[in-house]
Number of protein chains: 2
Amino acid sequence: MCLSMQSTDQIPHPVIRRLPKYLVHVQELREDGVEWASSQDIADALGLTSSTVRQDLSHMDLRGISKKGYETSQLEAVLRQVLGADIMHHVVIIGAGHLGRALAEHGAFARRGFDIGALFDQDESLIGKSYGAVQVMSMDELATQADKMQIDIGIIAVPSAAAQEVAEQLVAVGVKAILNLAYKHVKVPAHVTVVDARIMESLQELAYALGKKSDLEK
Amino acid sequence: MCLSMQSTDQIPHPVIRRLPKYLVHVQELREDGVEWASSQDIADALGLTSSTVRQDLSHMDLRGISKKGYETSQLEAVLRQVLGADIMHHVVIIGAGHLGRALAEHGAFARRGFDIGALFDQDESLIGKSYGAVQVMSMDELATQADKMQIDIGIIAVPSAAAQEVAEQLVAVGVKAILNLAYKHVKVPAHVTVVDARIMESLQELAYALGKKSDLEK
DNA sequence: TAGATTGTTAATCGATTAACAATC
DNA sequence: TAGATTGTTAATCGATTAACAATC
């Protein structure tokens, strides 16, 4: 018997990318003691239209109520469930440079269900050191460790020249989900999901916007 | 007389988000001595279709050549120009926590035209310290410093609870472009551009993808 | 010349927005 | 009851893909 029908239908990608935004907002509302939020309330807070919010939430396993909106605690629960926020995910970071270390030391991930199990680096002089509660290991140990801890997600935090090779190493040890922080597109087999989070690209997008603005001022 | 017609037409947002990907790839090709790249070559490397590549590049101020494709050095030049990669942008980071420090110490930004002028933090005990070549200053000095260095871009690297307040402070001192790394949507006036680069959201997107995969295996 | 590849138009696909009957 | 707000259908808008004449 299948209770949650929603788990089978295909949620469009733009919707999926908005779900974390709904979650963080509705969580804040619930913590602040707000029990109900209308689609318009949520839209205003997140810079969307109420129509988009209702469409998006129609993919979730809950119903709103006329004149009241959506119950924040219920909405939070279904969003957490859909996003797998209640399951602990095992994460490794490849690259113990500034960015990799910062992520290891950043407590917020563990609090949200992402347990960072290890940092890996080529640089032998770093091996054995700890950042936060996370130890640096040799790249040679990746395969062994992948068996021990069941790695769900690999984070690529190496220089761009090494990104493709690291992606292939992660795929080789069976990692199915990769967060790529390197300024380089990586190619992986179709069964592996890659999400890019590149600060450099975001900065360049801003630089473009600034250029447009100064054009308009002329 | 206006030589670059392209600077006035409106480039669609999805195209703009792909431009940095083209730039980084074509730069690599050029450095490797590859002089020509066809739309199909570029598409294969970046996981796009050749049709998309040709459509995207039609917004740029260059022409490809039949049977050869696009000249990499020329393509790099127009992409750099459109993205403002040849102009130095002045950046400040608000929040001298792990992430803020990592960005300050990360050399790649300066190399790509983003000069990080200062870190700002509320914590008085951090003030005066340096990370990389970047000094930590008091939040009280933001307004004064904003006048001195001409700030183009502000990076929000504070805990989510403080993100909205920091956004407002940046807007108040005249910053027109904000990179938001906090796990919280910030509201700003229409004349200010915000780009989000939230690692947490990307991880949650991956967690969703993992959940879908384990559903399919059943 | 023949064939590969462009630039561009048209077709398709999909996401967002608008509209409104149902409902609390 | 009257009015606000949902869920959903239909309309609009925009992006991607396909197709193909032009061209090197």
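Below, chains carry the letters A, B, ... as their sequence lines are ordered, and counting in each starts from 1. Quick caveat: nothing in here was measured; it's all calculated off a predicted structure. The figures that follow rest on heavy atoms only: side chains count, while hydrogens, waters and symmetry mates do not.
dG7(D) is paired with dC20(C) under the Watson-Crick or G-U wobble criterion, all donor-acceptor distances under 3.5 Å. The partner of dA15(C), taking Watson-Crick or G-U wobble pairs whose two distances both stay under 3.5 Å, is dT12(D).
Between Leu57(B) atom CG and dT5(C) atom C1' the separation is 13 Å, expressed in whole Å. Separating the CD atom of Gln40(A) from the C1' atom of dT6(D) is a distance of 13 Å, rounded to the nearest angstrom. The CG-C1' distance, from Leu75(B) to dT6(C), rounds to 14 Å in whole Å. Between the P atom of dT6(D) and the CG atom of Leu62(A) lies a distance of 11 Å, rounded to the nearest Å. A straight line from CH2 of Trp36(B) to P of dT5(C) spans 13 Å, rounded to a whole angstrom. Across the protein-nucleic acid pair, Glu71(B) atom CD and dT5(C) atom P stand 17 Å apart, rounded to whole Å. We find that CG of Leu19(B) is positioned 13 Å from P of dA15(D), with the value rounded to whole Å. Asp56(A) places its CG atom 13 Å from the C1' atom of dG7(D), with the value rounded to the nearest Å.
Nucleic acid contact class of Ser39(B) (heavy atoms, under 4.0 Å, all strands): sugar-phosphate only.
Applying the 4.0 Å criterion to OP1 and OP2 of dT16(D), one finds that Thr49(B) has every side-chain N and O outside that range. The phosphate of dT16(D) has OP1 or OP2 within less than 4.0 Å of a side-chain N or O from Arg18(B).
The side chain of Lys67(A) lies closest to dA4(D) when the candidates are dA4(D), dA19(C), dA15(D). When distances are taken from the side chain of Arg63(B) to each of dG7(C), dA18(D), dT16(C), the shortest belongs to dG7(C). Among the nucleotides dC24(C), dT17(D), dA15(D), the one closest to any side-chain atom of Ile65(A) is dC24(C). The side chain of Thr52(A) sits closest to dT17(C) out of dT17(D), dT17(C), dT6(C). Closest to the Arg54(B) side chain, of the nucleotides dG7(C), dA15(D), dT6(D), is dG7(C).
In this structure, Lys176(B) contributes its side chain and Gly174(B) its backbone to a donor-acceptor pair below 3.5 Å.
A side chain to side chain contact (heavy atoms under 4.5 Å, CB included) with Glu76(B) holds for exactly one of Glu31(B), Glu71(B), Arg30(B), Glu28(B); it is Arg30(B).
Look at Glu201(B) and Lys21(A) and you find a salt bridge, because one of the NZ, NE, NH1 or NH2 atoms lies within 4.0 Å of a carboxylate O, short of that distance.
Side-chain contact check for Met60(B) versus Leu19(B): some heavy-atom pair is nearer than 4.5 Å. Ile65(B) has its side chain within reach of Trp36(B): a pair of non-hydrogen atoms, C-beta onward, lies under 4.5 Å apart.
Side-chain atoms of Ser66(B) and base atoms of dT23(D) include a donor and an acceptor less than 3.5 Å apart. Between the side chain of Gln55(B) and the base of dT17(D), at least one donor-acceptor pair of N or O atoms lies under 3.5 Å.
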